[in-house]
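Report on the structure given below.
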Amino acid sequence: LAKTTQPISMDSYEGQEVNITCSHNNIATNDYITWYQQFPSQGPRFIIQGYKTKVTNEVASLFIPADRKSSTLSLPRVSLSDTAVYYCLVGTSLGGGYQKVTFGTGTKLQVIP
Amino acid sequence: EAGVTQSPTHLIKTRGQQVTLRCSPISGHTSVYWYQQALGLGLQFLLWYDEGEERNRGNFPPRFSGRQFPNYSSELNVNALELEDSALYLCASSFRANYGYTFGSGTRLTVV
C-alpha cells in the first residue's frame, strides 16, 4: 500500500497560487491519486483525481510527473475560504474496480489576508 | 441528489456503553467506508463494505464492527466505549473507487 508524505502546513497570502506537493514513492501501476479538502468538523470534499500528466477542473490542477512518484495540487489565486486541510490519497485497486485508500497526515493551508 | 447522510450528528456516551452510528450512501453507490478522525488528527480507515459484505477493515479492535444492508445503508457499532473513542466518525460512499469518495458530515461522538 503506497504511503503518502505531505508538508504538515503551509501559509499563503490571498490571491497567490498555492502548490502542495505529495510524495508517493511506492505508488503501484493501478493506483490513482486523489486530493480532498477538509474544513473543521466536516467530511472531506473531493477536489481532483488523476492518473498521470495533468488534470484540471474548475477548482484546481493536478500535476503528475512521468514516474508518478509525486504529485502537485495547484490552487490558483487562493482566498480566505481556501483555508483548510488538504489530503493526498493514493488508491490501490483490489480488482473489480474497488479500492482501499489510505489518508496521509494532510497539509494544513492557512491563507493570510 | 441527496448526499451521504449520517445520523446522529452528535452523541454523548458514557465509558463502557455501546453506540450505533448510521450512514445512508448516495443513491446508486454500493460501497460504504467508515473513518475515525480524532480531534486534530488525520483520518484512520475503519471499515469498507460493498454489496453487503465487509471487504476490508483497518487496525481497530473487534469491538468496532458494522454491517451493510440490502439498500446499501450501513451501521457502525462500537462496544465497550473507551474515552479515546471520542472522535468524528465519517462515512463515505462511492460507486466505483476510481470515481472518488463522497463523505458525509460525520457523527461527533464524545465518550465521558
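Chain letters run A, B, ... following the sequence lines, proteins first, then strands; residues in each count from 1. If you're wondering where the values come from, they're calculated on a predicted model, not measured in any experiment.
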Under the salt bridge (charged side-chain N to carboxylate O under 4.0 Å, His left out) test, which residues partner B:D85, sequence neighbours left out?
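With neighbours one apart ignored, the set is B:R63.
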
Residue set satisfying salt bridge (charged side-chain N to carboxylate O under 4.0 Å, His left out) with A:E17, at least two apart, ordered chain then number -> none

The interface call for A:Y87 against chain B, heavy-atom contacts under 4.5 Å, is side chain

- Task: Could you verify whether a donor N or O on one side chain and an acceptor N or O on the other, from B:Y72 and B:E51, lie under 3.5 Å apart?
- Result: yes

Legend entry - Donor on one side chain, acceptor on other, B:T20 and B:Q18, under 3.5 Å: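 The criterion, which ignores hydrogens and geometry beyond distance, is satisfied for B:Q18 and B:T20.
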
At a 4.5 Å cut-off on heavy atoms, which part of B:L41 comes close to chain A: side chain, backbone, both, or neither?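 Only the backbone of B:L41 comes within 4.5 Å of chain A.
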
- Query: Heavy-atom distance under 4.5 Å to chain A: side chain of B:Q37, backbone, both or neither?
  - Reply: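 The answer is the side chain of B:Q37.
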
